[in-house]
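In what follows, every chain begins at residue 1, and chains take the letters A, B, ... in the order their sequences are listed.
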2 protein chains.
Amino acid sequence: MKTVVTRTFNHHVVKEGNKSLVLNKIIDCSPISRASVASEVGLNKGTVSSLVNDLLEDHLIYESGPGVSSGGRRPVMLLFNDTAGHSIGIDIGVNYLLGILTDLSGNIVLKKEVTFKDLSYEEIEAKLFAVIDYLQASAPASPHGIIGIGVGVPGIVDNDGSILLAPNLNWKNLNLQAILEEKYSLPVIIENEANAGAYGEKKFGAGTECDNIVYVSAGIGIGVGLILNGELYKGSNGFSGELGHMTIQIDGETCRCGNKGCWELYASEQALITQAEPMGLPLADHEEFDLTNLQALAAAGNKDVIALFEQTGDYLGVGINNIINTFNPQQVIIGNRLASAKELLELPLNNRVAKQALWFQKNDLEIKFSELSTFSTALGVAAFSIENFLQVSIQQKNVLSV
Amino acid sequence: MKTVVTRTFNHHVVKEGNKSLVLNKIIDCSPISRASVASEVGLNKGTVSSLVNDLLEDHLIYESGPGVSSGGRRPVMLLFNDTAGHSIGIDIGVNYLLGILTDLSGNIVLKKEVTFKDLSYEEIEAKLFAVIDYLQASAPASPHGIIGIGVGVPGIVDNDGSILLAPNLNWKNLNLQAILEEKYSLPVIIENEANAGAYGEKKFGAGTECDNIVYVSAGIGIGVGLILNGELYKGSNGFSGELGHMTIQIDGETCRCGNKGCWELYASEQALITQAEPMGLPLADHEEFDLTNLQALAAAGNKDVIALFEQTGDYLGVGINNIINTFNPQQVIIGNRLASAKELLELPLNNRVAKQALWFQKNDLEIKFSELSTFSTALGVAAFSIENFLQVSIQQKNVLSV
DNA sequence: AAACTTTGTTCATCCACTAGACTAACAAGG
DNA sequence: CCTTGTTAGTCTAGTGGATGAACAAAGTTT
């Protein structure tokens, strides 16, 4: 038996679509009157009134006092009800766990960060539960409560929310989505950290106006999140964006993935550390090399370290140039740990791109460092939940009224 | 003033959407009865009947004799009216011009090929007009006649149909779309040759079932066409897929684009020729090196040439591996001139990918050589016109009835 | 021949959008 | 203060298209 996969069109679809148009208009332009929504979206005034009433009933929007008159009756202003619910976003890093609670506009109302080192899955899971419990308990009261949990992980996530592999955490084949949904009875989304970061930047960061954004998450390794034609591109199985293992030097050094000359051997935090180690640099007792103390050394004027950053920025540029040739994006956003070294990396990176990029690619192209700083991923996964929640909220009314 | 950009939902949209579902079902499954369409698409029988009547009036489908009974009244079978119109597709290469006339299913009814060398734009334009005139004049009579002209060119085409640059033809800033629309008063589409090829494979070739396809057009240079999430991805300005200039060897040779180590320096027809020239190979009088005589030499058992092809296949694999890591596609299709050397290239290419690709990328991944052989591009541009025509046909009725 | 199946049409009903009338609320001018 | 004009929002009748059910048409099975 072939099941029906296509979605047919009927008045439910029409209403849902228009409701979504109205809601998005209010979110983007609040405060706004019914009349303005109608004229700007292109719907009839009556239609808008009716849809607005539905949205009011769902507490997704609210009316504020009358606005200013433009020569006639004063309009009733409509606003998006930011705080009708809250979303939990978790960013699990190699040695930290960042949890945030956001309202429906992505404003961070609460954050909780834990750092650790070399923990087992069970230990990290305990910390994860603790953070979620804390955020859930501390969330302000609201009509819809916690509307979902999103988790970003540094690894390969398939389309079912299973973490196939998180090499730096030593996780394999872990269905974190099922575990969390079971425990919290809430919608849960697990997503690759770079994909989430890209979505975060698209929704709340530098790229709100753009349809084609490439987010380069440069940390210990390099992952890439892709927003193409306005939506997240995940590939057939969810494994797109593994650009850290793009070959940029056929006969280069061997990578832990088994290949030679992978990009992340040249342009990641690990690359910096590996190259710094044999340099005999001064370090405080018991400290290991990491980005932070290398940045300190550079700030102190150590020329070797500065040169190292410049070299890394140049190599970042090589890969980003490949990205530009591939995607012709409007924005390339560099995020994750290396984004904090913007001052050291930006100039050599831009020089490389200026020298290499094909002339026609340079128009309208922006290369930026993340605006959301360390929150891109957490905000991104929180945004996934919000997006789903709003979509379902708009549908439900129709389903119930059938 | 802000113009209305969003499209609101109303009855027309519903009807248009359902009509499209019905038509596509008939195209995919013809012959098929009204009853089957209804149950498989999920629409009411009456709705389907009404929409089918519209489609019959437009000559987009037709009824054949009754089908076989399955225990009741015999169904009236519906078929897509292939020959309700014809589409012209032109593939302009560096030294050839291929024109085809197809029916609405992409069957080639007529073809006309011209070869040339070092012609000016004006000379090529004359040949282009001649081919179009010939195809137009020879097209069988049909209710809708010629429904559009599509042209694929080896160059950079922006979103307005202007050819910004076709380096191997020496064309610059040429609005071929305007020229052809003016002359023929038909809808004209100009598209990059690789993008068109990708679309051709998606519509009529190996990739009809796949949503994520990467088409590698390996000719004198390398261009890549991307089908992502089921649709052609063109980038913000239409310049995506310039993967021929992806760096795969940072300190490699210098390319004509000014950069070093570009992929097409290692894995294109030009790469083969450049490497073959100093080898002192035997050639017939007055002949220059090209793919054809190199293939002949390889077929004759020349070990140096065979090794050259193997090396090229290996390098093709390097870039394709980068593509796999980037896109996690279901299919990678190699097209254009080098596809004809499948026997020589396939093994080393597959070896390289087998050795390099990350393990989780290998599932469900197919690497193929083009099924449509030299027609990918011409069929692709013809398909663009067909797609547009069908979409407009479905709309028109609604617009008229307002 | 009678009973059952399947196909396709017809018709009354429902739902959501639209146009336009209407009410409410305001500004400006005499 | 009242009148005129303008804008905001509601209300109502009308319309288009999907739906479900009844029905006619044309088969098969027993």
Take the protein atom [atom1] of [X] and the nucleotide atom [atom2] of [N], then report the distance between them rounded to whole Å.
| X | N | atom1 | atom2 | answer |
| --- | --- | --- | --- | --- |
| B:R74 | C:dG8 | CZ | P | 12 Å |
| A:L51 | D:dT10 | CG | P | 12 Å |
| A:F9 | C:dC17 | CZ | P | 15 Å |
| B:H12 | D:dA18 | NE2 | P | 12 Å |
| A:R73 | C:dA28 | CZ | P | 18 Å |
| B:K19 | D:dG16 | NZ | P | 15 Å |
| A:R34 | D:dA8 | CZ | C1' | 9 Å |
| A:N10 | C:dA16 | CG | C1' | 11 Å |

(request) Specify the residue among A:T47 and B:S70 whose closest nucleotide of DNA chain D lies further upstream toward the 5′ end. (result) A:T47

(message) Heavy-atom nearest nucleotide on DNA chain D for A:V76 versus B:V14: which residue maps closer to 5'?
(response) A:V76

(message) Donor-acceptor check, side chain of A:S240 to backbone of A:Y233, threshold 3.5 angstrom: yes or no?
(response) yes

(message) Should the side chain of A:N44 and the base of C:dA19 be counted as holding a donor-acceptor pair, with the cut-off at 3.5 Å?
(response) yes

(message) Under 3.5 Å, is there any donor-acceptor pair linking the side chain of B:K45 to the base of C:dG8?
(response) yes

Rounded to the nearest 0.5 Å, what's the gap from [atom1] on [X] to [atom2] on [Y]? Could you check?
| X | Y | atom1 | atom2 | answer |
| --- | --- | --- | --- | --- |
| B:L23 | B:D28 | CG | CG | 9.5 Å |
| A:T47 | A:L43 | OG1 | CG | 6.0 Å |
| A:L79 | A:C29 | CG | SG | 11.5 Å |

(request) Measure up the B:F389 and B:H144 rings against each other and bin them: parallel (under 30°), tilted (30 to 60°), perpendicular (over 60°). (result) perpendicular

(request) Please tell me which of the listed nucleotides, D:dT19, D:dT10, C:dC15, lies nearest to the side chain of A:H11? (result) C:dC15

(message) Let's see if you can work this out: which of D:dG17, D:dT19, C:dT7 has an atom nearest to the side-chain heavy atoms of B:L43?
(response) D:dT19

(request) Please determine if a side-chain N or O atom of B:N18 lies less than 4.0 Å away from the OP1 or OP2 oxygen of D:dA18. (result) yes

(message) Between A:S69 and D:dA8, is there a contact of a side-chain N or O with OP1 or OP2 at under 4.0 Å?
(response) no

(request) Map B:M77 and A:P66 onto DNA chain C by nearest heavy atom, then report which one ends up closer to the 5' terminus. (result) B:M77

